[in-house]
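The analysis underlying the following values was restricted to heavy atoms, covering all of them including side chains, and did not include hydrogens, waters or symmetry mates.
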Amino acid sequence: MSTIALASGRFTTVMETFIAHDDAELLFEIEVEGKSLGGSQQRREARGLSEAYKLALRDWTAPVDSFCEHLLRDIQLLKSTMAINDRRSTAGRHILAQGLANMGYDVKMRTAIARGNPVQMFSELAHKFITVKPAKGMQEVIVEFDFKAEFMILEPTMRYQSLLEDLPSEFVGTRERLTELVQFLCREMGTAFLETGRTVPPWRRHNSVVSKWRPRVFEDHAVIPTARAA
């Protein structure tokens with residue numbers, strides 16, 4: 001087991017395969033057992049993601065425990081069986097939240113409230129997402145039912161497009177895991193903008209994007225299970 005030190009915390013995973021391939025670099029500096037890893041920007045620009053890099057990304061986005069694994073399976077089941085035509089719509093989120101509540105989960109719909117003044121216009125974005133409370137004493141779980149769509153951009157680089165293709169549609173996990181993942185994805189997205197000669201829009205920067213799921217001001221609405229026929 002090797003430990004990767006990220007800017008917002010430490011994430012431990014199986015990384016031997018990743019380390020063995022010198023063509024699998026992160027866009028920001030990481031440390032593996034005290035050694036700094038990095039690579040040529042020219043090599044990164046010229047290709048997509050290596051298989052070792054994709055393996056590491058899959059491990060990073062995987063459910064962190066059995067509760068999240070079970071929840072993810074139920075979300076995928078609901079999405080495949082319920083009428084969620086526009087999965088990014090508010091209606092689609094509510095349909096999914098209601099379905100989870102009916103299955104016995106403790107569900108809330110959280111609304112991140114954007115600040116009105118111009119200074120904070122892009123630093124605190126409005127958003128709606130689902131939270132699920134596991135057993136007492138366990139961390140709240142964040143559910144983003146179309147996570148990949150939040151990071152799609154026009155004219156992506158080959159590398160960024162490859163990353164998106166490997167990114168799961170749903171995110172199910174803790175706030176800490178989400179924060180680290182969003183930081184990584186925003187760095188990759190920012191590099192994709194710059195490599196194609198564009199400025200990174202303010203709402204696409206890390207502090208803005210992560211505010212969707214880590215709002216300063218928010219409202220929670222409990223989702224009550226609908227009555228079942230006797």
Side-chain angles (χ1 to χ4, degrees), residues 4 6-8 11 18 21-30 37-62 76 79 84-93 112 114-115 118-129 142-173 177-215:
I4 295 184
L6 301 174
S8 60
F11 174 62
F18 172 64
H21 292 257
D22 63 358
D23 63 341
E25 310 100 343
L26 293 176
L27 287 184
F28 54 104
E29 186 177 80
I30 63 175
L37 295 181
S40 164
Q41 182 176 352
Q42 286 74 25
R43 289 203 311 249
R44 286 197 299 264
E45 293 172 359
R47 61 159 184 266
L49 301 178
S50 71
E51 289 305 313
Y53 195 110
K54 291 182 178 182
L55 180 63
L57 180 62
R58 291 187 195 115
D59 190 61
W60 200 352
T61 55
Q76 291 170 340
K79 287 173 69 173
I84 305 177
N85 296 322
D86 182 0
R87 293 180 176 179
R88 296 196 67 190
S89 69
T90 299
R93 286 183 170 86
R115 297 294 184 94
V119 175
Q120 296 171 314
M121 183 181 300
F122 296 119
S123 62
E124 298 178 31
L125 302 180
H127 190 57
K128 285 183 180 289
F129 61 97
I142 293 175
V143 173
E144 182 56 64
F145 82 149
D146 201 5
F147 185 68
K148 181 186 296 190
E150 299 293 335
F151 297 90
M152 290 181 176
I153 63 175
L154 294 174
E155 300 179 3
T157 60
M158 182 175 69
R159 177 187 176 87
Y160 191 68
Q161 182 61 37
S162 181
L163 183 151
L164 288 177
E165 290 171 358
D166 234 54
L167 195 65
S169 295
E170 307 89 1
F171 174 85
V172 177
R177 178 65 69 87
L178 176 63
T179 300
E180 292 179 347
L181 182 57
V182 170
Q183 182 182 40
F184 162 69
L185 292 171
C186 285
R187 287 180 183 270
E188 289 277 3
M189 179 168 54
T191 300
F193 274 109
L194 295 176
E195 288 176 0
T196 52
R198 295 174 289 172
T199 302
V200 182
W203 59 89
R204 288 295 202 176
R205 293 169 185 167
H206 170 254
N207 288 342
S208 295
V209 176
V210 80
S211 73
K212 293 180 179 181
W213 302 283
R214 300 196 66 155

d(Trp213 CH2, Ile142 CD1) to nearest 0.5 Å is 9.0 Å
pair Leu185-Leu163: side-chain heavy atoms closer than 4.5 Å: yes
- Item | Pair Thr157, Arg159: side-chain N/O donor-acceptor within cut-off below 3.5 Å | no
Sorted by chain and residue number, the salt bridge (charged side-chain N to carboxylate O under 4.0 Å, His left out) partners of Arg205 (sequence neighbours excluded) come out as none
Those residues at least two apart in sequence (or on a different chain) that pass ring-ring contact (aromatic ring centres under 6.0 Å, His included) with His206 are none
query = Any donor and acceptor pair, going by atom type alone, linking the side chain of Ser208 with main-chain N or O of Arg204 inside 3.5 Å?
reply = no
Nearest heavy-atom contact between Ala126 and Ala114 is N-CB, 3.7 Å
| request: Evaluate side-chain contact (heavy atoms from CB on, under 4.5 Å) for Tyr160 paired with Thr191, printing each intermediate quantity in order. | output: CA-CA 9 Å; Tyr160 191 68; Thr191 300; over 6 Å; no
Taken to the nearest 0.5 Å, the spacing of Ile153 CD1 from Thr196 OG1 works out to 6.5 Å
Ser211 meets the side-chain contact (heavy atoms from CB on, under 4.5 Å) criterion, sequence neighbours left out, with Leu125
Tightest non-hydrogen contact, residues Glu144 and Glu150, listed as OE2-OE2, 4.1 Å
CG of Leu178 to OG1 of Thr61, rounded to nearest 0.5 Å, is 12.0 Å
Open item on the list: I'd like to know if the side chain of Arg58 and the backbone of Asp166 have a donor-acceptor N/O pair within less than 3.5 Å.
Closed with: no
The side-chain hydrogen bond (donor to acceptor under 3.5 Å, both in side chains) partners of Lys148 (sequence neighbours excluded) come to none
Next on the checklist: What verdict does the side-chain contact (heavy atoms from CB on, under 4.5 Å) test give for Trp203 and Val209, after you've listed the backbone C-alpha separation in whole Å, the side-chain angles of each residue and the deciding distance to 0.1 Å?
Outcome noted: CA-CA 7 Å; Trp203 59 89; Val209 176; over 6 Å; no
Taken in chain and number order and not counting sequence neighbours, the residues that satisfy side-chain contact (heavy atoms from CB on, under 4.5 Å) with Gln161 are Pro156, Leu164, Glu165
Phe171 meets the ring-ring contact (aromatic ring centres under 6.0 Å, His included) criterion, sequence neighbours left out, with Phe147
Quiz item: So, are Lys212 and Glu124 salt-bridged, with charged N and O less than 4.0 Å apart?
Solution: no
Shortest non-hydrogen pair, Val200 vs Phe193, comes out as CG2-CB, 3.9 Å
**Asked** Is a salt bridge present between Lys79 and Glu170, judged by a nitrogen-to-oxygen distance below 4.0 Å?
**Response** yes
